[in-house]
Protein chains: 2
Amino acid sequence: MASPNPLKKALKKEGLRYTQQRQSIWDEMCATDEHRDAEEIYLSLRNEGMNVSRATVYRTIDVLVKNNLVRKLELGDGRARYEHKMDSGHHDHLICVQCGKIEEFMDETIEERQDQIVDDLGFKLIRHIHQLFVICNDCQ
Amino acid sequence: MASPNPLKKALKKEGLRYTQQRQSIWDEMCATDEHRDAEEIYLSLRNEGMNVSRATVYRTIDVLVKNNLVRKLELGDGRARYEHKMDSGHHDHLICVQCGKIEEFMDETIEERQDQIVDDLGFKLIRHIHQLFVICNDCQ
DNA sequence: CTGCTATTGATAATGAGTCTCAGAAGTTAA
DNA sequence: TTAACTTCTGAGACTCATTATCAATAGCAG
Ligand SMILES: [Mn+2]
Ligand SMILES: [Mn+2]
Ligand SMILES: [Zn+2]
Ligand SMILES: [Zn+2]
């Protein structure tokens, strides 16, 4: 009864077909809480014996992002990373410039100030990127 | 007496040669407070009759960024933007997702919270990206 | 000036992401 | 179930910002 599959729901809403590839890619996205790029997801699927193409990985990720099941991270190094949004609330990221490790943070004060700034200008906030580039514990 | 040319200073510090191209590119960067991409800077120079190559524009911008004369902005659309750091203090950006207009903001509270978050984790803050994607006044 | 090197322009290469299109597979109605 | 219709997929071509290559050019130290 309860809809157990958010992917199916999203596909239905969009009038898209439910396919093996789309399910596999979504499963793979949910398999870890890491922040992986499209190539890593593609290679994981291949290693598991799944025959899927890079194009389909990119196409499916687009659907997932559009339907709020996955978040896209732009770290400014030319490769987008992705994380599923199943169990986590909103957060932003700390990225170690040495080892690349990614940590998460969430600060209510900052979130409020952001809204305030946008309000004061009469704009409408759509989304934000807030990334702290650091040297982590292990790297100092 | 007073060092009038920050470019010359930077080049000397790096042991690099002072060239016509590097001066022109720096001049062009300082000509406006806009946030332009490499191609726009390249085309402006060509329009002014300067014979310079794209490669040299990219190479020179790298030098300027490395020496803190220019800031690179990654807006996630595949083209980096650049702004000179001559007269402006630190600020972050609001970007209209409709018209692409870029506004600037600076919030002391946010800056403090950032430092606090990084301190609490025992990390060292190197730099940060904070971008608010909005729909601006003109676009609603 | 001369000679040594860094720099440059033209252009090839790179690489993440997108597009194309013929064949494969999901969907619908009978 | 099958047929008919469409969407989806895989392979590989393509795009486009940026980087690398390399022979020719031009700073600069002596
Ligand atoms: Mn995250
Ligand atoms: Mn700015
Ligand atoms: Zn680290
Ligand atoms: Zn706008």
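All values derive from a computational prediction rather than experimental measurement.
- For B:Thr56, a side-chain nitrogen or oxygen approaches OP1 or OP2 of C:dG9 to under 4.0 Å.
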Next on the checklist: Walk me through whether B:Glu111 and B:His90 qualify under side chain to side chain donor-acceptor pair (under 3.5 Å).
Outcome noted: CA-CA 10 Å; B:Glu111 300 290 325; B:His90 169 70; 3.1 Å; yes

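- No side-chain heavy atom of B:Lys12 sits less than 4.5 Å from a side-chain heavy atom of B:Lys9.
- The CG-P distance, from A:Asn51 to C:dA25, rounds to 11 Å in whole Å.
- Hydrophobic clustering (side-chain heavy atoms under 4.5 Å, transitive across Ile, Leu, Val, Met, Phe, Trp, Tyr) keeps A:Ile110 apart from A:Phe133.
- Contact annotation: B:Tyr58 reaches the phosphate of D:dT18 (side-chain N/O to OP1 or OP2, under 4.0 Å).
- Using a 4.5 Å cut-off on side-chain heavy atoms (C-beta onward), B:Gln23 and B:Asn5 make contact.
- Distance, A:Asp77 CG to C:dT14 C1': 15 Å, rounded to whole Å.
- Put simply, CZ on A:Arg54 is 12 Å from P on C:dG17, counting in whole angstrom units.
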Next on the checklist: What verdict does the ring pair (Phe, Tyr, Trp, His ring centres under 6.0 Å) test give for B:His84 and B:His35, after you've listed the backbone C-alpha separation in whole Å, the side-chain angles of each residue and the deciding distance to 0.1 Å?
Outcome noted: CA-CA 9 Å; B:His84 70 82; B:His35 304 80; 9.4 Å; no

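- If you chain together ILVMFWY residues whose side-chain heavy atoms come under 4.5 Å of each other, B:Val63 ends up grouped with B:Leu7, B:Leu11, B:Leu16, B:Tyr18, B:Ile25, B:Trp26, B:Met29, B:Ile41, B:Tyr42, B:Leu43, B:Leu45, B:Met50, B:Val52, B:Val57, B:Ile61, B:Leu64, B:Val65, B:Leu69, B:Val70, B:Tyr82, B:Met86.
- The ring of A:His128 has its center no closer than 6.0 angstrom to the ring center of B:His93.
- Of the residues in residues 11-48 of chain B, those with a non-hydrogen atom less than 4.0 angstrom from any atom of DNA chain D are B:Arg17, B:Tyr18.
- Of the residues in residues 59-76 of chain B, B:Arg59 come within less than 4.0 Å of DNA chain D through at least one heavy atom, sorted by number.
- For the pair B:Leu94 and B:Glu104, the minimum side-chain heavy-atom distance is 4.5 Å or more.
- Closest approach to the A:Ala55 side chain among C:dT11, D:dA17, C:dC19 is made by C:dC19 (side chain taken as heavy atoms from C-beta onward).
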